[in-house]
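First up is the structure itself, then whatever we jot down about it.
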Amino acid sequence: FDEAMKEFETMTGIKPSIGGSLKGLGTKTARVGLDNQAYIEILAPDLKKPGPIGAQLMNLEEGSLVPIHYAIRQTDLSDLADDYVPNELGYDPDRIAMCRAAPDGTPRKWEMLFMHGHFHGGTVPYFVDWGDCEHPIGSIAQVGSLKSFVVSCPAGSKVSKLLK
């Protein structure tokens, strides 16, 4: 985690803000706030609090910065999870409810939808519904703009259909 944060700072001149552990997922995080409610999140396994995503990260080269996924903000995950993901895309939806206290003790609740059963790796997004809680960049400085973001996947794949 520390090596990846140092590498990010060396590459960009920007020091990420520590986000803490994500309970149940097995990860610890740091974030860099961008404009338009976008951010980059550095994830690493949290060996003190293991979980499924942390276990996946253990397969990566230690200290390396490797893009592994990206999120698309969605306000209601029900139709995606109940119909579109399983019936249109043929993927297995995995809905995860998360809860964490903000620094002032206010509860933060949000929901994520991951898709399993594809073999496209990080080209397949996950969806996040922040609900009524403050967006993660609300507590960190915005230090830049996202100028472009490119996802490459096989032509005609279900991922192409999803992104359209």
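Computed over heavy atoms, backbone and side chain alike; hydrogens, waters and symmetry mates excluded. Numbering of residues begins at 1 and proceeds along the displayed sequence.
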What residues, two or more places apart in sequence or in another chain, satisfy side chain to side chain donor-acceptor pair (under 3.5 Å) together with [X]?
X	value
Glu9	none
Thr10	none
Asp2	none
Arg95	Ser78, Glu111

Donor-acceptor pairs are to be reported for all side-chain atoms of residues 150-158 against protein atoms at under 3.5 Å, with residues two or more places apart or in another chain.
from: Ser157; atom 1: OG; to: Pro154; atom 2: O; distance (Å): 2.9
from: Ser157; atom 1: OG; to: Val159; atom 2: N; distance (Å): 3.3
from: Ser157; atom 1: OG; to: Ser160; atom 2: N; distance (Å): 3.4
from: Lys158; atom 1: NZ; to: Leu89; atom 2: O; distance (Å): 2.8

Using the test ring pair (Phe, Tyr, Trp, His ring centres under 6.0 Å), find all partners of [X] that sit at least two apart in sequence or belong to another chain.
X	answer
Trp130	Trp110, His135
Phe127	none
Tyr84	none

Measure across [X] and [Y] and return the closest heavy-atom pair with its distance rounded to 0.1 Å.
X	Y	value
Gly33	Ile140	N-CD1, 3.5 Å
Asp82	Asn87	O-ND2, 3.9 Å
Pro86	Asp83	CD-O, 3.3 Å
Pro16	Ala30	CB-CB, 3.8 Å
Pro125	Met115	O-CE, 3.0 Å

task: Quick one: which residue pairs count as a salt bridge (charged side-chain N to carboxylate O under 4.0 Å, His left out) with a foot in residues 112-124, not counting sequence neighbours?
output: none
statement: Quick note, salt bridge (charged side-chain N to carboxylate O under 4.0 Å, His left out) partners involving residues 38-47, not counting sequence neighbours, are Arg31-Glu41
Look up atom [atom1] in [X] and atom [atom2] in [Y], then write down how far apart they are to the nearest 0.5 Å.
X	Y	atom1	atom2	value
Ile96	Leu113	CD1	CG	9.0 Å
Ile40	Phe8	CD1	CZ	4.5 Å
Leu57	Ile68	CG	CD1	4.5 Å
Met112	Gln74	CE	CD	15.0 Å
Leu80	Ile72	CG	CD1	9.5 Å
Phe1	Thr29	CZ	OG1	6.0 Å

task: Could you list who else is in Leu47's hydrophobic cluster, with ILVMFWY side chains joined at under 4.5 Å, directly or through other members?
output: Met58
field: Under 3.5 Å: donor-acceptor pair, side chain of Thr27, backbone of Pro45
entry: no
message: Looking at Val124, is its backbone amide N or carbonyl O close enough to the side chain of Tyr70 to form a donor-acceptor pair, meaning the two atoms are under 3.5 Å apart?
response: no
task: Could you check whether the rings of His69 and Phe114 sit parallel, tilted or perpendicular, using 30° and 60° as the cut-offs?
output: tilted
query: Under the side-chain contact (heavy atoms from CB on, under 4.5 Å) test, which residues partner Gln56, sequence neighbours left out?
result: none
